[in-house]
Amino acid sequence: MQTVYILNGPNLNLLGKRQPEIYGKETLQDIEVACGQIAEANGLKVRFLQSNAEHQLIDWIHEAREDACGIIINPAAYTHTSVALLDALGTFERPVFEVHISNVHKRESFRHHSYVSLRADGVIAGCGAQGYELALLRLIRLLGR
Ligand code: DHK
């Protein structure tokens with residue numbers, strides 16, 4: 001298995017336009033390109049996906065069970081609400097990293113709790129779009145590449 005799933009939740013399709021003072025100016029496509037380059041240099045492929053629908057994210061996690069060596073997920077607002085996403089990630093048996101672009105702990109208290117963290121092997125928050133690259137580098141290290 002040489003594919004890393006990088007999953008993005010609701011509203012992240014607007015990255016670069018949406019509240020740039022919080023989420024930065026980079027677009028999701030910029031992040032996809034940066035992660036793709038790192039993956040390629042390490043003999044991995046990236047399946048980079050975004051959906052505003054919870055069920056779609058769950059279906060992709062189920063798909064990842066069959067062919068992914070790891071999942072990097074920014075569940076966005078579902079981080080704080082979704083037991084269903086937590087349960088889906090619980091069916092995945094390889095490393096999971098949770099990424100938040102902003103430092104959720106510096107923000108409203110409802111953003112301080114994450115269901116997904118109960119499953120994540122690592123959590124990166126507040127490192128901007130670079131958080132995805134950091135998570136991917138950590139996954140590559142864990143895979144021994
Ligand atoms: C993105 C969102 O859309 C919010 O709902 C989360 C996360 C934080 C982020 O920082 O990437 O609370």
Side-chain angles (χ1 to χ4, degrees), residues 1-86 88-89 92 94-143 145:
M1 286 181 200
Q2 296 183 324
T3 305
V4 181
Y5 274 50
I6 303 184
L7 303 179
N8 295 279
N11 301 304
L12 292 171
N13 51 309
L14 295 179
L15 215 56
K17 296 179 197 151
R18 167 202 187 203
Q19 294 177 284
E21 68 285 2
I22 296 176
Y23 297 107
K25 290 185 181 158
E26 282 132 312
T27 66
L28 213 50
Q29 202 191 348
D30 295 332
I31 296 170
E32 181 174 4
V33 168
C35 289
Q37 285 169 353
I38 293 171
E40 195 183 338
N42 289 277
L44 293 171
K45 287 180 192 151
V46 166
R47 188 147 151 70
F48 195 95
L49 300 161
Q50 187 276 331
S51 179
N52 295 323
E54 191 174 18
H55 73 87
Q56 178 63 83
L57 295 163
I58 291 166
D59 287 348
W60 284 330
I61 292 166
H62 293 173
E63 193 183 301
R65 277 167 50 77
E66 306 302 323
D67 68 10
C69 57
I71 293 176
I72 294 169
I73 183 165
N74 183 346
Y78 293 140
T79 306
H80 320 297
T81 63
S82 182
V83 177
L85 265 188
L86 169 64
L89 289 167
F92 183 75
R94 288 169 286 278
V96 173
F97 288 92
E98 176 183 350
V99 172
H100 303 288
I101 293 163
S102 65
N103 181 357
V104 283
H105 300 290
K106 242 177 133 180
R107 300 180 63 193
E108 303 97 321
S109 59
F110 65 83
R111 296 184 203 274
H112 297 177
H113 177 262
S114 165
Y115 285 102
V116 170
S117 292
L118 289 166
R119 167 62 185 88
D121 296 293
V123 181
I124 295 172
C127 294
Q130 192 188 6
Y132 290 80
E133 297 174 45
L134 298 173
L136 182 54
L137 289 171
R138 176 65 185 157
L139 177 61
I140 288 165
R141 172 75 63 89
L142 281 187
L143 294 173
R145 285 175 172 267

S.K.: Step by step, work out the side chain to side chain contact (heavy atoms under 4.5 Å, CB included) result for Ile22 and Arg107.
M.R.: CA-CA 10 Å; Ile22 296 176; Arg107 300 180 63 193; 3.7 Å; yes
S.K.: I'd like to check Phe97 versus Leu142 (side-chain heavy atoms, cut-off strictly below 4.5 Å). Are they in contact?
M.R.: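 They are in side-chain contact.
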S.K.: How close do Pro10 and Ala76 get, counting heavy atoms only, and between which atoms?
M.R.: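 In this case the closest contact between Pro10 and Ala76 is O-CB, 3.4 Å.
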S.K.: Starting at CG of Leu134, measure out to CD1 of Ile124 and round the result to the nearest 0.5 Å.
M.R.: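 Nearest 0.5 Å value for the CG-CD1 distance: 5.0 Å.
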S.K.: Identify the heavy atoms of Ser102 and Tyr23 that sit nearest to each other, and give their distance.
M.R.: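 Between these two residues, the closest heavy atoms are OG-CE2, 4.1 Å.
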S.K.: If the condition is side chain to side chain contact (heavy atoms under 4.5 Å, CB included), which residues does Ser117 pass it with, not counting sequence neighbours?
M.R.: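 Ser117: side chain to side chain contact (heavy atoms under 4.5 Å, CB included) contacts with Glu98, Ser114, Val123.
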S.K.: How far does CG of Leu28 sit from CG of Leu49, to the nearest 0.5 angstrom?
M.R.: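 Between atom CG of Leu28 and atom CG of Leu49 there are 10.0 Å.
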S.K.: Would you please test Tyr78 and Val116 for side chain to side chain contact (heavy atoms under 4.5 Å, CB included) and show each step?
M.R.: CA-CA 9 Å; Tyr78 293 140; Val116 170; over 6 Å; no
S.K.: Run the side chain to side chain contact (heavy atoms under 4.5 Å, CB included) test against Gln37 and tell me which residues pass, sequence neighbours left out.
M.R.: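 Checked Gln37 against side chain to side chain contact (heavy atoms under 4.5 Å, CB included); matches are Val33.
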S.K.: Hey, are the side chains of Leu85 and Ile58 touching, using non-hydrogen atoms and a 4.5 Å cut-off?
M.R.: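 The answer is yes, as the side chains (C-beta and beyond) meet within the 4.5 Å cut-off.
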S.K.: If we only count heavy atoms from C-beta on, is the Ser51 to Trp60 side-chain gap below 4.5 Å?
M.R.: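 When only atoms from C-beta onward are counted, Trp60 and Ser51 do touch, with a gap below 4.5 Å.
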S.K.: Between Leu44 and Leu139, is the side chain to side chain contact (heavy atoms under 4.5 Å, CB included) condition met? List the steps.
M.R.: CA-CA 11 Å; Leu44 293 171; Leu139 177 61; 5.7 Å; no
S.K.: Salt bridge or not between Asp121 and Arg119? Use side-chain N to carboxylate O under 4.0 Å.
M.R.: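 Yes.
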S.K.: So, for Val46 and Cys35, which heavy atoms are closest and what is the spacing to 0.1 Å?
M.R.: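 Closest approach of Val46 to Cys35: CG2-O, 4.0 Å.
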S.K.: Tell me every residue that passes side chain to side chain contact (heavy atoms under 4.5 Å, CB included) with Leu14, counting only those two or more places apart in sequence or in another chain.
M.R.: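 Leu14 satisfies side chain to side chain contact (heavy atoms under 4.5 Å, CB included) with Arg18 once adjacent residues are dropped.
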S.K.: Counting C-beta onward and ignoring hydrogens, is there a side-chain heavy-atom pair between Leu136 and Asn42 closer than 4.5 Å?
M.R.: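 No, side chains not in contact.
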S.K.: Once rounded to the nearest 0.5 Å, what's the spacing between atom CD1 of Ile31 and atom CD of Gln130?
M.R.: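 The CD atom of Gln130 is 11.0 Å from CD1 of Ile31, to the nearest 0.5 Å.
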S.K.: Ring-plane angle category for His80 and His100, please: parallel below 30°, perpendicular beyond 60°, tilted otherwise.
M.R.: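 Answer is parallel, since the angle falls under 30°.
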S.K.: The criterion is salt bridge (Lys or Arg N to Asp or Glu O under 4.0 Å); which residues satisfy it with Asp30, sequence neighbours excluded?
M.R.: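 Residues passing salt bridge (Lys or Arg N to Asp or Glu O under 4.0 Å) with Asp30: none at all.
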S.K.: Which residues pass the salt bridge (Lys or Arg N to Asp or Glu O under 4.0 Å) test with Arg111, not counting sequence neighbours?
M.R.: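 Scan of Arg111 (salt bridge (Lys or Arg N to Asp or Glu O under 4.0 Å), adjacent residues dropped) gives Glu108.
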S.K.: Looking only at non-hydrogen atoms, find the nearest pair between Cys69 and Leu143 and report the distance.
M.R.: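 Closest pair (atom of Cys69, atom of Leu143, distance): SG-CD1, 3.7 Å.
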S.K.: Could you check whether any side-chain heavy atom of Gln50 comes within less than 4.5 Å of a side-chain heavy atom of Glu32, counting everything from C-beta outward?
M.R.: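 A side-chain contact is absent here, since even the closest heavy-atom pair is not under 4.5 Å.
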S.K.: Side-chain contact test, heavy atoms from C-beta onward, threshold under 4.5 Å: evaluate it for Ile38 versus Glu133 and give yes or no.
M.R.: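 Contact flag for Ile38/Glu133 side chains = yes.
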S.K.: Taking atom CD of Gln56 as the centre, report whether more than 12 heavy atoms of other residues, nucleotides or ligands fall under 6.0 Å from it.
M.R.: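 Atom CD in Gln56 is crowded, with more than 12 foreign heavy atoms closer than 6.0 Å.
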S.K.: Could you state the interatomic distance from OG1 (Thr3) to NZ (Lys45), rounded to the nearest 0.5 Å?
M.R.: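 It is 5.5 Å, given to the nearest 0.5 Å.
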S.K.: Side chains of Asn8 and Leu15, heavy atoms from C-beta outward: is any pair under 4.5 Å?
M.R.: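 No, every pair of side-chain atoms sits at 4.5 Å or beyond.
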S.K.: Give me the atom names and distance for the closest heavy-atom approach of Ala88 to His62.
M.R.: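 Heavy-atom minimum between the residues: CB-NE2, 4.2 Å.
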S.K.: Within the 4.5 Å heavy-atom criterion, are Tyr132 and Asn74 side-chain neighbours or not?
M.R.: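 Yes, at least one pair of side-chain atoms sits under 4.5 Å.
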S.K.: Might you point out which heavy atoms bring Val83 and Tyr115 nearest each other, and give the distance in Å?
M.R.: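 Val83 and Tyr115 have their closest heavy atoms at CG2-CE2, 3.8 Å.
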S.K.: Are any side-chain N or O atoms of Asn52 and backbone N or O atoms of Asn11, one a donor and one an acceptor, separated by less than 3.5 Å?
M.R.: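 A pair under 3.5 Å: yes.
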S.K.: Once rounded to the nearest 0.5 Å, what's the spacing between atom OH of Tyr5 and atom CG of Leu57?
M.R.: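 The distance works out to 13.0 Å.
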S.K.: Measuring from atom CG of Asn103 to atom SG of Cys127, what distance do you get when rounded to the nearest 0.5 angstrom?
M.R.: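 Result: 8.5 Å between the selected atoms.
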S.K.: Who pairs with Arg47 by salt bridge (Lys or Arg N to Asp or Glu O under 4.0 Å), at least two apart in sequence or on another chain?
M.R.: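 In terms of salt bridge (Lys or Arg N to Asp or Glu O under 4.0 Å), with neighbours along the sequence ignored, Arg47 is linked to Glu63.
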